[in-house]
Amino acid sequence: MSLTSSYSSLALEHTLSCLHKCSTEVELKQVHARMLKSGYFHDPYAITKFLSFCLSSSSSSTFSSYAQDVFLNGLDRPDTFLWNLMIRGLSSSDQPETSLLFYHRMLSSSATHNPYTFPFLLKACSNLSAFQETTQIHAHLTKLGYGNDIYSVNSLINSYAVTGNINHARLLFDRIQEPDLVSWNSLIKGYAKAGEMDIALTLFRKMPPAKKNAISWTTIISGYVQAGMNKEALQLFHEMQNSNVPPDKVSLASALSACAQLGALDQGKWIHSYANKQRISIDSVLACVLIDMYAKSGDMEEALRVFKNITKKTRSVQVWTVLISGYAYHGLGGEAISRFTEMQKMGVRPNAITFTAVLTACSYTGLVEQGKSVFHTMERDYNVKPTVEHYGCMVDLLGRAGLLDEANRFVKKMPVKPNAVIWGSLLKACQIHKNVELGERIGEILIGMDPNHGGRYVHMANIHAMGGKWDKAAETRRLMKEQGVVKVPGCSTISLEGTTHEFTAGDRSHAETEKIRTEWRIVRRKLEENGYVPELEDMLLDLVDDEEREAVVHQHSEKLAVTYGLMKTEPGTTIRIMKNLRVCKDCHKVMKLISKIYKRDIVMRDRTRFHHFRDGKCTCGDYW
DNA sequence: ATAGGGTTAG
């Protein structure tokens with residue numbers, strides 16, 4: 001619009017700067033009224049500024065609603081440009097549904113079209129995982145003649161890829177004469193999302209090297225992480241470092257996720273210092289994965305240091321939550337609760353995952369009353385509706401604490417259907433608190449629910465045996481064999497000077513096997529002098545007599561690992577072990593004794609949590 | 001205008 005208007009551009013700029021200072025709806029209304037009065041709402045430039053401000057991601061959602069209202073009711077025939085503005089703004093400010101709604105309104109208005117909206121619309125579809133909408137938009141843009149527009153095609157590939165229709169994406173990709181970087185990256189992402197990592201990797205290899213950018217690398221790395229193939233992910237990360245594309249902060253975050261899952265403390269530390277050296281600032285996502293990596297590697301002190309070093313603004317819900325969940329699985333319930341309180345004081349709203357973390361912390365630490373009160377506040381104060389995970393935490397909380405009847409009643413009256421996890425945690429509680437009758441009933445339910453789960457039979461047989469019903473225990477064992485249920489072998493690892501040593505139960509493959517066995521006999525004698533008697537309760541199955549059970553229990557992988565740790569590290573250093581399964585009672589007892597007799601801290605990562613052994617005690621309070 | 005990263009009960 002030409003500046004023949006009755007107002008000066010200076011006056012308009014002044015009003016717009018007032019607009020940007022608005023923080024409440026009242027203020028916004030005032031500026032809006034002033035703009036109307038001055039005739040600014042006939043100027044497309046002013047309207048654009050007004051709407052973009054209201055839709056920008058830093059504005060509140062009430063501003064966005066206000067803009068929608070102004071757009072639909074306060075404007076005379078908005079043109080294509082303004083429709084695009086609304087659709088784009090809503091799509092990128094996390095309101096994909098409304099964005100699509102505006103698209104439909106646009107279709108029924110008299111506005112003409114241009115291609116610029118389609119990538120944003122398709123992004124909204126991706127966010128909503130809306131396949132139907134994607135096909136509709138696809139048809140529409142083809143009809144309008146934008147079917148060869150590379151931006152639109154790439155966005156289509158992406159939408160099909162993330163809505164799980166990789167074959168549609170592939171068809172489009174194969175039709176492009178010269179796929180660009182974005183086409184390749186989108187397609188690779190699609191195969192990764194479909195769990196087809198082999199195809200994704202083949203494509204990645206086939207992609208012209210000159211076209212690979214950090215996004216390509218991160219796509220394939222995070223694909224492996226999501227597939228749980230963390231070692232492969234780290235291998236590719238190494239390859240990336242030898243390529244001509246230096247990792248940026250997103251690549252680092254993906255690699256750190258892999259480290260977290262593996263508990264690869266050394267590599268994680270290396271990435272952390274790399275980020276510092278490259279002056280990559282720790283944003284909230286990096287803080288999250290760093291804290292998670294340190295916590296899952298057993299180093300809560302370092303996790304806390306990361307948390308303390310970032311600004312208050314960087315401490316998003318996710319950052320708070322990851323810290324709290326770290327405390328939870330380290331058995332530090334008190335810390336978890338006080339962080340949770342602090343977070344609320346800081347005005348950060350907990351989400352569903354935060355509550356899971358807090359409730360887990362209560363359950364692991366036996367904080368029954370706190371757990372109950374948190375559970376009651378979640379819906380009342382924060383409008384977070386409890387899901388099956390939260391009910392599961394409550395069942396676990398009550399069951400572990402020995403309140404078996406209350407737990408059972410809770411399951412009966414809760415509004416969600418109990419799943420195998422919930423029954424499993426009740427069963428475990430029955431085992432800990434020796435309630436044979438309830439345990440047997442639950443065991444039946446569980447085996448009926450998933451007959452291929454080996455652990456269920458083990459528990460069930462243990463419960464029978466606990467009640468002295470040996471014939472039933474034997475019967476369960478037979479059933480287990482019949483089903484062809486296989487036990488996963490126990491495996492422990494210990495990292496020393498950058499090398500990871502792996503031990504499997506009873507395995508002799510380690511180069512220093514004989515030395516380790518000799519050393520274990522010495523350790524064992526020393527433990528016996530201090531009153532150690534083997535704990536064979538967890539070894540009821542498969543084995544005939546105590547002698548045999550003892551022979552097996554002494555070959556458990558974590559015993560080999562801790563022995564090796566004692567041999568290879570200086571007195572006083574902390575021994576860190578990771579295990580793929582839960583610790584058995586005997587190994588737990590041995591770790592406690594070693595921590596006392598050898599004056600060593602032992603940090604052991606279980607399948608689900610950490611045990612810190614120090615001076616004969618464990619942070620789990622023998623309750624795991 | 002289009003492509004990559006975060007936390008979750010046993």
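The chains referred to below are lettered A, B, ... by the order of the sequence lines, with proteins before strands, and numbering in each begins at 1. Keep in mind that what you see is a predicted model, and the values were worked out from it rather than measured.
- Side-chain to base pairing of Asp283(A) with dG5(B): one donor and one acceptor N or O lie within less than 3.5 Å of each other.
- Computed from coordinates, the Leu256(A) CG to dG4(B) P distance equals 19 Å when rounded to whole Å.
- Looking at heavy-atom distances under 4.0 Å, Arg582(A) makes contact with sugar-phosphate atoms alone, never a base.
- One finds a side-chain N or O of Tyr364(A) lying less than 4.0 angstrom from the OP1 or OP2 phosphate oxygen of dG10(B).
- One cannot find a donor-acceptor pair under 3.5 Å joining the base of dA1(B) and the side-chain atoms of Asn84(A).
- Atom CG of Asn158(A) and atom C1' of dA3(B) are 6 Å apart (whole Å).
- Look at OH on Tyr151(A): it is 7 Å from C1' on dA1(B), rounded to the nearest Å.
- The aromatic rings of His611(A) and His588(A) stand perpendicular to each other, their planes meeting at an angle above 60°, with 30° marking the opposite boundary.
- Side-chain atoms of Ser251(A) and base atoms of dG5(B) include no donor and acceptor less than 3.5 Å apart.
- When heavy atoms are screened at a 4.0 angstrom cut-off, Leu181(A) is found touching base atoms of the nucleic acid.
- You'll find a donor-acceptor pair under 3.5 Å spanning the side chain of Asn419(A) and the base of dA9(B), going by distance alone.
- Contact of Ser425(A) with dG10(B) (side chain to base): no donor-acceptor pair of N or O atoms is detected under 3.5 Å.
- The nearest whole Å value for the distance from the CZ atom in Phe118(A) to the C1' atom in dT2(B) is 14 Å.
- Asp292(A) places its CG atom 13 Å from the C1' atom of dG5(B), with the value rounded to the nearest Å.
- To the nearest angstrom, P of dA9(B) lies 13 Å from CG of Asp606(A).
- Residue contacts for Val289(A): at a heavy-atom cut-off of 4.0 Å it reaches the sugar-phosphate backbone alone, with no base atom in range.
- Within the 4.0 Å cut-off from OP1 or OP2 of dT8(B), at least one side-chain nitrogen or oxygen of Lys296(A) is found.
- Residue-level contact check: Val319(A) touches the bases, meaning some heavy atom is under 4.0 Å from a base atom.
- The side chain of Lys189(A) places an N or O atom within less than 4.0 Å of a non-bridging phosphate oxygen (OP1 or OP2) of dG4(B).
- Electrostatic pairing of Lys372(A) and Glu406(A) counts as a salt bridge here, judged by a charged N lying under 4.0 Å from a carboxylate O.
- In the interface, the side chain of Ser284(A) is paired with the base of dG6(B) through a donor and an acceptor atom under 3.5 Å apart.
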